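The block underneath contains the structure these notes are about, expressed in structure tokens.
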Amino acid sequence: MKSTARRQSYGVKGAPYAHPSPTTTLKRARSAPYFFLLPATILFALFFALPIGYAIWLSLHKVKVSGLGLGSGARREVWAGLENYTDALTDSELVNGALRVLGYGCIVVPVMLGLALLFALMLDSEKVRLAPFTRLAIFLPYAIPGVVAALLWGFLYLPDVSPFYFVLDKLGLPQPDLLDGGPLYLALSNIAVWGGTGFNMIVIYTSLQSIPAEVYEAAKLDGATPVQIALRIKIPMVAPSLVLTFFFSIIATLQVFNEPTTLKPLTNSVSTTWSPLMNVHRDAFGEGDVYGAASQAVIIAFATLLLSFGFLRAANRRQKQEAAR
């Protein structure tokens, strides 16, 4: 009788071995993902959403100065509406900086992604030697901070301290000034390509490693050469990785700041408004116009978002059309 009563007591609610009801289990299962997402959501709100919201709020205001601007109430923050955006879009310095970045991007993006794809295909070859060392050597420049890389290349561009100019002088060859005029774009592009090729190469190389070996074996049985396999099998199958790296490259190009800012003390050809972000930095911290700088930052962010998602949409549409065929 005692054992029977003890077994019956375990079946009541709150007993040591009582199982939760199906409804309770279902509620816990549904709420579990939100607990895992909570830390990321808090960090996203604190360090991404709130700064963006504050920048938008600043861009819609301005400071109104009364009288001589002296006294506690002489400078007031008032509503400006779209006035800051109108001033930013008609700012010749911002427009010229955007055009310079466009020319810079036309050099950086195709060269960097072309080299990354070439290196990834070479490392994926069966005849490659010392693949781990080569892969690390190509990726290593990406681990160097952008400011350090720009400073390093900046001194290599200076005629008085560069070993390249010393060798050219000994050989009697012309010594171009890479920090002035058109060559400046090549000098800045070289820094970006040197530092970013390794990262994009790793992304593409990882995608190549995921291709089944049976695909290559079938192509070899059909008589395909290594070049044909690369052009007709490997490159089409890593197209999503190419789209991803192109997406990252566009964002990095539109936000170029470290390279021209670091090279600015070394040459007079780089102004404080060479790129749009440099123009934002000058207005915010040089002239103290945080409201106008905020409007420019919002415009740059919107342009980046528009170009990026426009490219992704076009790429997805093309993939769907090819899949339909």
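Predicted model, so just to flag it, every value in this text is computed and none were measured. These values consider heavy atoms only, across backbone and side chains, with no hydrogens, waters or symmetry-generated copies. All residue numbers refer to positions in the sequence shown, counting from 1.
- More than 12 heavy atoms of other residues, nucleotides or ligands sit less than 6.0 Å from atom CG of Asp222.
- Rounding to the nearest 0.5 Å places OG1 of Thr197 at 11.5 Å from CG of Leu117.
- Residues Val111 and Ser189 have side chains not in contact (no heavy-atom distance under 4.5 Å, counting atoms from C-beta outward).
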Step-by-step side-chain contact (heavy atoms from CB on, under 4.5 Å) determination, Leu60 to Tyr85: CA-CA 8 Å; Leu60 298 174; Tyr85 291 97; 3.8 Å; yes
Stepwise side-chain contact (heavy atoms from CB on, under 4.5 Å) test for Thr261 and His281: CA-CA 10 Å; Thr261 303; His281 184 271; over 6 Å; no
Trace of the side-chain contact (heavy atoms from CB on, under 4.5 Å) decision for Leu38 with Ile42: CA-CA 6 Å; Leu38 185 60; Ile42 294 175; 4.0 Å; yes
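- Listed here is the closest heavy atom pair of Thr267 and Leu179: OG1-O, 2.6 Å.
- The two atoms that bring Asp124 and Lys234 nearest to each other are OD2-NZ, 2.9 Å, heavy atoms only.
- Using modelled atom types, one side-chain atom of Arg100 and one backbone atom of Thr273 make a donor-acceptor pair closer than 3.5 Å.
- Side-chain heavy atoms closer than 4.5 Å link hydrophobic residues (I, L, V, M, F, W, Y) into clusters, and following such links, even through other members, never connects Ile211 to Leu244.
- A salt bridge is defined here as a Lys NZ or Arg NE, NH1 or NH2 lying under 4.0 Å from an Asp or Glu carboxylate O, and Lys62 with Glu83 meets this definition.
- For residues 244-254, the set of pairs meeting the side-chain hydrogen bond (donor to acceptor under 3.5 Å, both in side chains) definition, not counting sequence neighbours, is empty.
- Neither side chain, Tyr165 nor Asp177, offers a donor N or O lying under 3.5 Å from an acceptor on the other.
- Rounding to the nearest 0.5 angstrom, the gap separating the CZ atom in Arg282 from the CG atom in Asp289 is 9.5 Å.
- Without hydrogens or angle criteria, Ser162 side chain to Pro159 main chain gives no donor-acceptor distance under 3.5 Å.
- Residues Leu231 and Pro236 share a closest heavy-atom pair of O-CD, 3.4 Å.
- Checking side-chain atoms of Ser275 against main-chain N and O of Val256 turns up a donor-acceptor pair under 3.5 Å.
- Partner of Gln296 under the side-chain contact (heavy atoms from CB on, under 4.5 Å) criterion, out of Asp283, Asn84, Leu89: Asp283 alone.
- The two residues Trp274 and Ser269 have their closest heavy-atom pair at CD1-O, 4.2 Å.
- Using a distance-only test at 3.5 Å, with no hydrogens or angles considered, no donor-acceptor pair links the side chain of Asp91 to the main chain of Asp87.
- Hydrophobic cluster membership differs between Met201 and Val238, with clusters built from Ile, Leu, Val, Met, Phe, Trp and Tyr side chains linked at under 4.5 angstrom.
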Residue pair Trp194, Ile144: steps toward the side-chain contact (heavy atoms from CB on, under 4.5 Å) verdict: CA-CA 10 Å; Trp194 182 77; Ile144 299 176; 3.6 Å; yes
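- Neither side chain, Ser59 nor Ser295, offers a donor N or O lying under 3.5 Å from an acceptor on the other.
- A centroid separation of less than 6.0 Å is found between the aromatic rings of Phe199 and Tyr142.
- Taken to the nearest 0.5 Å, the NZ atom of Lys264 stands 8.0 Å off from the OG atom of Ser271.
- Considering only heavy atoms from C-beta on, Ile138 comes within 4.5 Å of Thr134 through its side chain.
- Leu242 and Met112 are not part of a single hydrophobic cluster, where members link through side-chain heavy atoms under 4.5 Å apart.
- For Phe246 and Phe311, the gap between ring centers is short of 6.0 Å.
- The line from CD1 of Ile300 to CG of Asn279 is 7.5 Å long, rounded to the nearest 0.5 Å.
- Taken together through direct or relayed side-chain contacts under 4.5 Å among Ile, Leu, Val, Met, Phe, Trp and Tyr, Leu123 and Val203 form part of one hydrophobic cluster.
- Leu168 and Val161 end up in different hydrophobic clusters when Ile, Leu, Val, Met, Phe, Trp and Tyr side chains are linked at under 4.5 Å.
- Ile229 and Ala224 get closest at one heavy-atom pair: CG1-CB, 3.9 Å.
- The CD1 atom of Ile250 sits 6.5 Å away from atom CG of Leu307, with the distance rounded to the nearest 0.5 Å.
- For the pair Pro163 and Leu156, the minimum side-chain heavy-atom distance is below 4.5 Å.
- The shortest heavy-atom contact between Ala88 and Leu94 is O-CD2, 3.4 Å.
- How far OH of Tyr157 is from CG of Leu178: 6.5 Å, rounded to the nearest 0.5 Å.
- Within the 3.5 Å criterion, the main-chain N or O of Thr206 finds no donor-acceptor partner in the side chain of Gln209.
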